[in-house]
**Student:** 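To start, I am sharing the structure in question, which I have written as structure tokens.
Bear in mind the structure is a predicted one, so any value in this text is a computation, not a measurement.
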Amino acid sequence: MAAADEKVRLTAQHIVRTLATSKNAADDMIRILSGFDDRFSDLFPPSAASAGAATGDDRPATSKEESRDPTKEMSGSPSEGCALTTVQEVNDGGDASEEISAKEERHGISEEESVKLEMAEKLVLMWDSSANSISSLFESSEEAAQYLSAVDDLISISSDQSLPTSHRVRAESSLQLAMSRLEDEFRSLLSQPTTDNSTPRHSASLRRMALSDPTPVASDTPESPQVGELEHSLSLPLSSEVVAPYIVVPDIIFDLKQIALRMIAARYEPELCQAYSDTRREALTDCLVSLGVDKMSIEEVQKIDWPTLDSKMKKWIQALKIVLNGVLIEEKRVCETIFESSESLKDECFAEAAKGCVLQLLNFGDAIAIGKRTAEKLFRIVGMYEALAEVLPELESLFSGHARVFVKEEAEGILSRLGNAVKGTILEFGNLIRGEMSKKPMQYGEIHPLTRYVMNYIRLLADYSSALNSLLADGDTYGSDQGTGASTAEGANLTPLGNCMLTLITYLETNLDEKKKLYEDEALQHIYIMNNLLYIVQKVKDSEMKTLLGDNWVRKRRGLIRQHSTGYLRASWTRVLSFLRDDGLVGSGHSNRNALKEKFKNFNNAFDEIYRVQTNWRVPDPQLREELKISVSEKVVQAYRSFYGRSKGQFEGRSAYKYIKYAPEDLENHVADLFEGFPGVPGNPRGREAC
């Protein structure tokens, strides 16, 4: 044991003497050796190296080929700078060390390489001990640099076929321990969460080391871009605090790359890829959960109540855009940087890490696509379709090879099923309109709830015109004027979405025509249709629907409203006006006054009845309401005014007021109370001021 210790001491002295021509190199070696064993610090005081150089010990070092020259070893001739001569100069009693060094050189390994192997073994074993198992190599830049350098030595020795098998086996054994340690460090670094105050730490020292030696082992390509540029290029283009904790910390990317270089050089690619994909797959899945996309089966999704499902569909759309347009793009850049030296690992590691995240997103979309089709889901499904169609090119470009084909096929299949779900839901909505058969009429002819629901629903379709025009272009879902229920003339030259809207509105109009029959009063039927038609026209005119349906459609519906206005006047006031005609009146005698009395009586009774009923009727639109009142005034009040003027002279004194209940001005005030939705009392009008 003492002899072995002495051997190490003598060898260390030899290394320092050999490096004595360079003060910096000697100081570095003394510091490294002292870190392994504090006994070395006693052998080499700080001035030792510099003193060696100052005393003129500047003999040229013998080349490796010369030191291994068997002729010189056999003859024992002195060689300046060789291991034997140097050790002899250090200690004349070092015969045993001389014999060991000569034996190693005869077996093809220099004393320098032997010491390098022993030092690497000791360092690896030190970090493999239980005392250091919970510490991180990369908490200290110096320790990380020493360890990586030792790993480089082990890789070099284990792969050098000119060295003895025993040394290569020793190096391989230590290398296995080192790879296990580096894999653990790799996983640990990848698992570090990003925080707002995360700052660079030991990486700066490793960067300086790399910049001084830009070609680490197993890499023939210099660092590109430079480290500072690299960090800048990897800055996440998202400010979301939700996503940030799941992104690889920029500070440690350089360290991860250094580990990857060694594991690739040592042919530990499978373990490296497994470490990366396992860690990042879990992080990306957690990222999805934080964005509101849980891992759920199709059965679980279909059991969710609508308000909860609506929220999840909305979050899915947001998450898809964030993940595909930001998180995975960043992940790919990080992956390509870490595995820069291996093209195959770049693609494989990213695919294995990201595929689970992508499939989790796609599976939720698939569950929605094949779920029950209800009208309330339509706009969320269209939103999902649009979002997936938008990110599909980006999704495809992220992957390569078999992974690209697989992901593309999955995404396109789900996109197609979402599109079918959209078309199927529109068909269901059309069936819902036609099948709404409520038998209770709206009181006083107001706008039916079905009209409000359908028109607000259809108006929202215009917000997705691009996607819907594409989906409806095949013409099998109200996308053409064939078999839609709308007239061919109306459907001509419309977009697929325009034809779809036209069909749905036609279904609504047909339904409204059926519901008007629930009213016994023909005049109220006209008021009901006018109210609902005008609501439909206003919704079209005040939205993008006008562009889709065209001005001709609007003009035609306004024409229909005027027709119903005429129908209302005819149904309500024809009988009333019949009492204002001069039929049966002859001259100015007693019989004529009796006929006038009967006409005024009948008119008063008819008008009072209409007033009592139609003041309850409601026309919500103020313009239509006013137009109807004007029409009544022009037709009824004007006729009454004329009849009143002709007839009043037939009565004498106060007797005229006994039979003539209304002056033309009173009648005008009563007409002003119509269609306000408030019951009126004949003879006590609210008048225009009350309107």
**Student:** Are more than 12 heavy atoms, taken from residues, nucleotides or ligands other than Glu386, located less than 6.0 Å from that residue's CD atom?
**Tutor:** yes

**Student:** Is there a donor-acceptor pair closer than 3.5 Å between any side-chain N or O of Glu394 and the backbone N or O of Val391?
**Tutor:** no

**Student:** Given side chain to side chain donor-acceptor pair (under 3.5 Å), test Ser140 with Glu142 step by step and report yes or no.
**Tutor:** CA-CA 5 Å; Ser140 165; Glu142 292 185 1; 5.4 Å; no

**Student:** Are Ile426 and Leu468 packed together at the side-chain level, in the sense that at least one heavy-atom pair is separated by less than 4.5 angstrom?
**Tutor:** yes

**Student:** For the backbone of Leu359 and the side chain of Asn363, can you confirm whether one donor and one acceptor N or O come within less than 3.5 Å of each other?
**Tutor:** yes

**Student:** Is the shortest distance from a Lys or Arg side-chain nitrogen in Lys346 or Glu343 to a carboxylate oxygen in the other one below 4.0 Å?
**Tutor:** yes

**Student:** Counting only N and O atoms by type, is there a donor-acceptor contact under 3.5 Å from the side chain of Ser149 to the main-chain atoms of Gln146?
**Tutor:** no

**Student:** Are any of the side-chain nitrogens in Arg181 or Glu185 under 4.0 Å away from the carboxylate oxygens of its partner?
**Tutor:** yes

**Student:** Are side-chain heavy atoms of Lys372 and Lys377 found at a separation under 4.5 Å?
**Tutor:** yes

**Student:** Is the number of heavy atoms from other residues, nucleotides or ligands within 6.0 Å of CZ (Arg417) greater than 12?
**Tutor:** yes

**Student:** Flag the pair Arg333 and Glu336 as a salt bridge only when some basic side-chain nitrogen lies within less than 4.0 angstrom of an acidic carboxylate oxygen.
**Tutor:** no

**Student:** Given the rule in the side chain to side chain contact (heavy atoms under 4.5 Å, CB included) test, do Gln274 and Tyr268 qualify, once you have shown the distances and angles that lead to the verdict?
**Tutor:** CA-CA 10 Å; Gln274 187 74 32; Tyr268 277 74; over 6 Å; no

**Student:** How far does SG of Cys349 sit from CD of Glu331, to the nearest 0.5 angstrom?
**Tutor:** 10.5 Å

**Student:** Please evaluate residues Thr165 and Arg168 with respect to the criterion side chain to side chain donor-acceptor pair (under 3.5 Å), reporting the C-alpha separation (whole Å), side-chain torsions for both, the decisive distance (0.1 Å), and the verdict.
**Tutor:** CA-CA 5 Å; Thr165 302; Arg168 285 188 279 112; 3.3 Å; yes

**Student:** Is there side-chain contact between Leu361 and Leu388, with heavy atoms separated by less than 4.5 Å?
**Tutor:** no

**Student:** Please evaluate residues Val334 and Leu256 with respect to the criterion side chain to side chain contact (heavy atoms under 4.5 Å, CB included), reporting the C-alpha separation (whole Å), side-chain torsions for both, the decisive distance (0.1 Å), and the verdict.
**Tutor:** CA-CA 10 Å; Val334 169; Leu256 292 168; 5.6 Å; no

**Student:** Taking C-beta and beyond as the side chain, do Gln302 and Ile370 meet within less than 4.5 Å on heavy atoms?
**Tutor:** yes

**Student:** Working to the nearest 0.5 angstrom, can you tell me the gap between Tyr385 OH and Lys423 NZ?
**Tutor:** 8.5 Å

**Student:** Given side chains that start at C-beta, do those of Glu271 and Met179 come closer than 4.5 Å, heavy atoms only?
**Tutor:** no

**Student:** Side chain to side chain contact (heavy atoms under 4.5 Å, CB included) between Ile253 and Lys257: does it pass, once the steps are laid out?
**Tutor:** CA-CA 6 Å; Ile253 292 176; Lys257 181 178 180 180; 5.6 Å; no

**Student:** So, for Ala411 and Leu395, which heavy atoms are closest and what is the spacing to 0.1 Å?
**Tutor:** CB-CD2, 3.8 Å

**Student:** Is Trp306 close to Thr374 at the side-chain level, that is, under 4.5 Å between some pair of heavy atoms?
**Tutor:** no

**Student:** Which is it for Phe399 and Val358 under the side chain to side chain contact (heavy atoms under 4.5 Å, CB included) test, yes or no, and what are the steps along the way?
**Tutor:** CA-CA 11 Å; Phe399 296 90; Val358 171; 4.1 Å; yes

**Student:** Distance-only, no hydrogens or angles: does the Asn469 side chain make a donor-acceptor pair with backbone N or O of Ser465 under 3.5 Å?
**Tutor:** yes

**Student:** Measuring from atom CD of Gln192 to atom OG of Ser136, what distance do you get when rounded to the nearest 0.5 angstrom?
**Tutor:** 7.5 Å

**Student:** Among Gln360, Lys312, Lys315, exactly one meets side chain to side chain donor-acceptor pair (under 3.5 Å) together with Asp294. Which residue is that?
**Tutor:** Lys312

**Student:** Taking side chain as C-beta onward, heavy atoms only, is Leu378 less than 4.5 Å from Leu461?
**Tutor:** yes

**Student:** Roughly how far apart are Asp255 CG and Leu148 CG, rounded to 0.5 Å?
**Tutor:** 8.5 Å

**Student:** Considering only NZ, NE, NH1 and NH2 on the basic side and carboxylate oxygens on the acidic side, decide whether Lys122 and Glu118 come within less than 4.0 Å.
**Tutor:** no

**Student:** Using every non-hydrogen atom in the two residues, find where Leu497 and Ala462 come nearest and quote the distance to one decimal.
**Tutor:** CD2-CA, 4.2 Å

**Student:** Parallel, tilted or perpendicular: which fits the ring planes of Tyr276 and Phe186, with parallel below 30° and perpendicular above 60°?
**Tutor:** tilted

**Student:** Got a second to check how far Cys357's SG is from Lys295's NZ, nearest 0.5 Å?
**Tutor:** 11.5 Å

**Student:** Quick check: closest heavy atoms across Ala403 and Ala351, and the distance to 0.1 Å?
**Tutor:** CB-CB, 3.9 Å

**Student:** Is it the case that the side chain of Thr425 and the backbone of Ala421 share a donor-acceptor pair, with hydrogens and angles ignored and the cut-off at 3.5 Å?
**Tutor:** yes

**Student:** Quick one: closest heavy-atom pair of Ala178 and Tyr147, and the distance?
**Tutor:** CA-OH, 3.3 Å

**Student:** Would a distance-only check, ignoring hydrogens and angles, find a side-chain to backbone donor-acceptor pair under 3.5 Å from Ser173 to Val169?
**Tutor:** no

**Student:** Taking Lys408 for the side chain and Glu396 for the main chain, is one N or O donor matched with an acceptor at less than 3.5 Å?
**Tutor:** no

**Student:** Just wondering, do Leu189 and Ile259 contact through their side chains at under 4.5 Å, heavy atoms?
**Tutor:** yes

**Student:** When you measure from the side chain of Thr285 to the backbone N and O of Arg281, does any donor-acceptor pair fall under 3.5 Å?
**Tutor:** yes

**Student:** What are the two closest heavy atoms between Ile264 and Glu269, and how far apart are they?
**Tutor:** O-OE2, 3.6 Å

**Student:** Quick test of your reading of the model: are Arg187 and Asp278 salt-bridged, counting only N-O distances below 4.0 Å?
**Tutor:** yes

**Student:** For residues Leu190 and Ala275, report the shortest heavy-atom separation together with the two atoms involved.
**Tutor:** CD1-O, 4.3 Å

**Student:** Measure the OG-CG distance between Ser159 and Leu154 for me, rounded to the nearest 0.5 Å.
**Tutor:** 10.5 Å

**Student:** Is there a donor-acceptor contact under 3.5 Å from the side chain of Asp366 to the main chain of Ile414?
**Tutor:** no

